[in-house]
Amino acid sequence: MTVRLSKEPFSPYDLLLQTEKELDGRRKKIGASSIFIGSMRDFNDGVSVESMYLEHHPEMTVKELEKITDRAEKRWSLDHVLVIHRIGEVYPSDPIVLVAVWSAHRAHSFDACRDIMESLKSNVPFWKREKREDGERWVTKNTSGSSADF
Amino acid sequence: MSIKVKFFASLTDLVGMKEIDVEFESQLNVINVWQSVCGTAQMPVGCLYAINHDYCEPDQLLKDGDEVAYFPPLTGG
């Protein structure tokens, strides 16, 4: 696994290309890669959002990211996992999180990618503070992970 | 016993501080410490707690030198 935080903006596509190269000999054993990119929207609850500050816990956040990734690696047969999450100030369309999972078969890569992303939202200490047209506020809860809710 | 108490995100605004070191005569659990330090500030529903950087239950007892942290619901990703 590769798990890290990024204070600076990152390009998910550059990171994926770089990782693909680093997989070298393992690449031929991989039949499936699943990728999730979460980026900042310029709206929330029908209100325009100008920017957002991502707070984290300096001692716990990476540890908890590694825990959920480790759990997924134990549960499924995975060749590699890459998780990057922004901290600090982000702006609309900026990538916030990249979860990428490489595996021999699609079932494991799909399931692990979703599991890591949903676990990240509920287990890893991050908080969002929005700068909106109607002032600043903390986001109080995550959107649901179920498409039935949209 | 000496306890380091930390608050994150919106709780910092609610209780008016990020961190405080406190002394207690008797052993307390996570909820007791909040009540003692935050007075009337009502702990929001869905808060999470950690002792020494590991999540814990609200009734877990603290010991001398521990750090307890209070988090509002998580909103990462």
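Below, chains carry the letters A, B, ... as their sequence lines are ordered, and counting in each starts from 1.
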Could you check whether any side-chain N or O of [X] sits under 3.5 Å from a backbone N or O of [Y], counting only pairs where one atom can act as donor and the other as acceptor?
{"X": "Arg86(A)", "Y": "Lys7(A)", "result": "yes"}
{"X": "Lys128(A)", "Y": "Val139(A)", "result": "no"}
{"X": "Arg41(A)", "Y": "Phe43(A)", "result": "yes"}

With a 4.5 angstrom heavy-atom cut-off, which part of Val124(A) approaches chain B: side chain, backbone, both or neither?
->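 When you check distances to chain B, only backbone atoms of Val124(A) fall under 4.5 Å.
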Pick one of side chain, backbone, both or neither for Trp138(A), based on which atoms fall under 4.5 Å of a heavy atom in chain B.
->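 Just the side chain, heavy atoms under 4.5 Å.
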Asp24(A): what forms a side chain to side chain contact (heavy atoms under 4.5 Å, CB included) with it, not counting sequence neighbours?
->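 With sequence neighbours excluded, Asp24(A) shows a side chain to side chain contact (heavy atoms under 4.5 Å, CB included) to no residue whatsoever.
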[X] versus [Y], closest heavy-atom pair with distance:
{"X": "Ser34(A)", "Y": "Ser109(A)", "result": "OG-OG, 2.7 Å"}
{"X": "Trp102(A)", "Y": "Ser33(A)", "result": "CD1-CB, 3.5 Å"}
{"X": "Ser6(A)", "Y": "Ile84(A)", "result": "CB-CG2, 4.1 Å"}

Chain B contacts: which residues in residues 58-80 of chain A have a non-hydrogen atom closer than 4.5 Å to it?
->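 The stretch touches chain B at Pro58(A), Glu59(A), Met60(A), Lys63(A), Glu64(A), Lys67(A).
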Residues of residues 49-57 of chain A under 4.5 Å from chain B (heavy atom pairs)?
->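 Within residues 49-57 of chain A, the residues that come under 4.5 Å of chain B (heavy atoms only) are Glu55(A), His56(A), His57(A).
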Is [Y] close to [X] at the side-chain level, that is, under 4.5 Å between some pair of heavy atoms?
{"X": "Val83(A)", "Y": "Ile116(A)", "value": "yes"}
{"X": "Val5(B)", "Y": "Tyr70(B)", "value": "yes"}
{"X": "Phe10(A)", "Y": "Pro95(A)", "value": "yes"}

Euclidean distance, Leu62(B) CG relative to Ile51(B) CD1, rounded to 0.5 Å |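 Between Ile51(B) CD1 and Leu62(B) CG, I get 4.0 Å after rounding to 0.5 Å.
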Could you tell me whether Glu133(A) atom CD has more than 12 heavy atoms of other residues or ligands within 6.0 Å of it?
->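 Counting other residues, nucleotides and ligands, CD of Glu133(A) exceeds 12 neighbours.
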Flag the one option from Asn123(A), Val97(A), Ile96(A), Leu120(A) with the top tally of heavy-atom pairs under 4.5 Å to chain B.
->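 Highest number of heavy-atom pairs under 4.5 Å: Asn123(A).
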Any residue of residues 8-43 of chain B which, by heavy atoms, sits under 4.5 Å from chain A |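 So far as heavy atoms go, Phe8(B), Ala9(B), Ser10(B), Asp13(B), Lys18(B) are the residues that approach chain A to under 4.5 Å.
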Using the six-membered ring of Phe110(A), assess whether NZ or CZ of Arg106(A) lies under 6.0 Å from its centre and within 45 degrees of the ring axis.
->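 So Arg106(A) doesn't make the cation-pi contact.
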Are Arg114(A) and Glu118(A) ion-paired here, with the side-chain N under 4.0 Å from a carboxylate O?
->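 Between Glu118(A) and Arg114(A) there is a salt bridge, with a charged N closer than 4.0 Å to a carboxylate O.
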